[in-house]
Amino acid sequence: MLENLGISKELDKLSNQVEKELESQFSEIEKIKEINSLKVLNAFQECNLQEMHFNSSTGYGIDEAGRNKIEEIYSKIFKAEDSLVRAQFISGTHALSITLSALLRPNDTMISITGDPYDTLKTVIGCGKEESKSSLKAYGIKYEQIELINNDFDIKLIQERLKKQDVKLIEIQRSRGYSTRKSLTIDKIEKAIKSIREVNKEVIIMVDNCYGEFVQEKEPIEIGADIAVGSLMKNLGAGIATSGAYIVGKKDLIELCAERLTSPGVGKEIGPSLGQNTSLLKGLFFAPQVVASSLKTAVFASRILEKLGYNVEPKSDEIRADIVQTIQLGTEEALVKFCQGIQKGSPIDSNVTPFPSEMGGYEDKVIMAAGTFTEGSTIELSCDGPIRPPYIAYMQGGLTYEYGKFGILKAIQELN
């Protein structure tokens, strides 16, 4: 049947060999999946989730019971004081933009301590090539960044800068974005947060948690972050949620974010779920399993492509901080072919051929391959990359390991 997909017998043989080599890594992923599954089940039960909470509202959605219950469950899972989980968030970038706009005021200073933010967030901040009259910079908010050193935080420089006590917010991006650095493990982030608190107790610590949820045993709020943000088009939506994002953290900060999303004085009280409650809850319920499938898919891709001579990061035996796998392909042609192969291995729009193009918020042309049930869903197998040296493919997702594996094999076949 693999031959019907255009996969050669030689590649199938290599695939079987790789899977045998990865048994121990897969076993570790299963252990983390079990821990996070218990976390979700306990939250559903302790928050007394009932069938009535699947019911939805329209219009204002004033104090809707189902929406409120979802936010209670998220708070429990993330060990946060409060949360904001809304279908009205269009993307992770939108939720991050709302958060930063809510917490920062003119003349405030924010610092990224993980170097360059993700491309679309650069436009939000006003630190990229693309100018926007609606950026934080346009509203008088100051921005600085501190680079990572050997894929770790520059603790000494961070502490020296924070001793001046004029910084309002620290931003930590857990995933790599379109950079070549490694994604950051919870242990590294915890060490950085502790070092920040040694010199500054008041600064707001915000973690961009996109792609990182349920990859490890702990989440950012548990290790001292004040607020964390992520997209439901990624890990926690599990390919079931069709829109939305979340913000979790301290109650006073969440209220500021809610007032920025809706209006001052109203905050969390309004916001109809518009029929999304069942999808959001079911997505969260399946998320530990789907994240584990995505991790297995990434580990498989890392190992088989490494054996074929490609430079991959992370390596198959490394501790994972997110679901993203990078493959350095060296040329624009190879990057395009790989992404086109992922598209050909997709369940939807497999006959579509993606090509690089300009996209709003990105500094370079970008190619994006995603034959997904939900447009833009990156927990489903997808692959994208900016058209710039060294031509890296950023691959993520896989609703099941088997579908993910088939997509990768098709992409490899397209390269040859």
Keeping the roles fixed (side chain from [X], backbone from [Y]), state whether a donor-acceptor pair exists under 3.5 Å.
{"X": "Ser195", "Y": "Ala192", "answer": "yes"}
{"X": "Thr372", "Y": "Thr374", "answer": "yes"}
{"X": "Ser135", "Y": "Glu131", "answer": "no"}
{"X": "Ser27", "Y": "Glu23", "answer": "no"}
{"X": "Glu414", "Y": "Gly341", "answer": "no"}
{"X": "Lys282", "Y": "Asn277", "answer": "no"}
{"X": "Gln216", "Y": "Thr185", "answer": "no"}
{"X": "Ser56", "Y": "Gly275", "answer": "yes"}
{"X": "Lys69", "Y": "Cys47", "answer": "yes"}
{"X": "Arg161", "Y": "Glu144", "answer": "no"}

Would you say [X] and [Y] make side-chain contact, with heavy atoms under 4.5 Å?
{"X": "Gln396", "Y": "Tyr211", "result": "yes"}
{"X": "Lys218", "Y": "Ile223", "result": "yes"}
{"X": "Leu11", "Y": "Gln413", "result": "yes"}
{"X": "Ile113", "Y": "Glu147", "result": "no"}
{"X": "Leu329", "Y": "Leu415", "result": "yes"}
{"X": "Glu375", "Y": "Met233", "result": "no"}

Side-chain donor-acceptor contact under 3.5 Å, [X] with [Y]:
{"X": "Arg320", "Y": "Gln325", "result": "yes"}
{"X": "Asp364", "Y": "Tyr178", "result": "no"}
{"X": "Ser83", "Y": "Ser75", "result": "yes"}
{"X": "Lys13", "Y": "Asn16", "result": "no"}
{"X": "Glu64", "Y": "Ser273", "result": "yes"}
{"X": "Gln159", "Y": "Asn200", "result": "no"}

(request) Check step by step if side-chain contact (heavy atoms from CB on, under 4.5 Å) holds for Lys268 and Glu259. (result) CA-CA 7 Å; Lys268 290 182 64 177; Glu259 290 193 331; over 6 Å; no
Going by the rule salt bridge (charged side-chain N to carboxylate O under 4.0 Å, His left out), which residues pair with [X] if we only count those two or more places apart in sequence or in a different chain?
{"X": "Lys31", "answer": "Glu28"}
{"X": "Glu30", "answer": "Lys33, Lys296"}
{"X": "Arg176", "answer": "Glu313"}
{"X": "Arg105", "answer": "none"}

Which distance, rounded to the nearest 0.5 Å, do you find between the [atom1] of [X] and the [atom2] of [Y]?
{"X": "Ile77", "Y": "Glu72", "atom1": "CD1", "atom2": "CD", "answer": "11.0 Å"}
{"X": "Arg86", "Y": "Ile270", "atom1": "CZ", "atom2": "CD1", "answer": "8.5 Å"}
{"X": "Leu121", "Y": "Cys210", "atom1": "CG", "atom2": "SG", "answer": "9.5 Å"}
{"X": "Leu103", "Y": "Leu253", "atom1": "CG", "atom2": "CG", "answer": "5.5 Å"}
{"X": "Leu399", "Y": "Ser293", "atom1": "CG", "atom2": "OG", "answer": "8.0 Å"}
{"X": "Lys156", "Y": "Ile149", "atom1": "NZ", "atom2": "CD1", "answer": "10.0 Å"}

(request) Mind checking side chain to side chain donor-acceptor pair (under 3.5 Å) for Ser302 and listing every partner two or more places apart, or none if nothing turns up? (result) none
(request) Could you tell me which residues satisfy side chain to side chain donor-acceptor pair (under 3.5 Å) with Asn151, sequence neighbours excluded, listed by chain and number? (result) none
Enumerate donor-acceptor pairs with a distance under 3.5 Å from any side-chain N or O in residues 238-247 to protein atoms, sequence neighbours excluded.
unit_1	atom_1	unit_2	atom_2	d
Thr242	OG1	Gln276	OE1	3.1
Tyr246	OH	Asn209	ND2	3.1
Tyr246	OH	Glu213	OE2	2.5

Does [X] pair with [Y] as a salt bridge, N-O distance under 4.0 Å?
{"X": "Arg303", "Y": "Glu306", "result": "yes"}
{"X": "Glu219", "Y": "Lys79", "result": "no"}
{"X": "Lys168", "Y": "Glu202", "result": "no"}
{"X": "Asp226", "Y": "Arg197", "result": "yes"}

(request) Would you sort out whether Asp116 and Lys122 count as a salt bridge (Lys or Arg N to Asp or Glu O under 4.0 Å), showing the intermediate values? (result) CA-CA 8 Å; Asp116 276 348; Lys122 287 183 184 180; 3.5 Å; yes
Relative to each other, are the rings of [X] and [Y] parallel, tilted or perpendicular (30° and 60° limits)?
{"X": "Tyr362", "Y": "Tyr118", "value": "perpendicular"}
{"X": "Phe44", "Y": "Phe285", "value": "tilted"}
{"X": "Phe406", "Y": "Tyr403", "value": "perpendicular"}

(request) Apply side chain to side chain donor-acceptor pair (under 3.5 Å) to the pair Ser183 and Asp322, showing each step before the final yes or no. (result) CA-CA 7 Å; Ser183 298; Asp322 62 11; 2.5 Å; yes
For [X], what residues pass the side chain to side chain contact (heavy atoms under 4.5 Å, CB included) criterion, not counting sequence neighbours?
{"X": "Ile90", "result": "His94"}
{"X": "Val291", "result": "Phe214, Val215, Asn235, Leu295, Ile323"}
{"X": "Ser112", "result": "Thr114, Tyr143, Gln145, Glu171"}
{"X": "Pro390", "result": "Gln328, Ile392"}

(message) Test: side chain to side chain donor-acceptor pair (under 3.5 Å). Region: residues 332-341. Which pairs qualify, not counting sequence neighbours?
(response) none
(message) Could you check whether atom CD of Glu34 has more than 12 heavy atoms from other residues, nucleotides or ligands sitting under 6.0 Å from it?
(response) no
(message) Could you go through Ile111 and Leu169, starting from their C-alpha distance and side-chain angles, then the distance that decides it, and tell me whether this counts as side-chain contact (heavy atoms from CB on, under 4.5 Å)?
(response) CA-CA 6 Å; Ile111 298 180; Leu169 183 143; over 6 Å; no
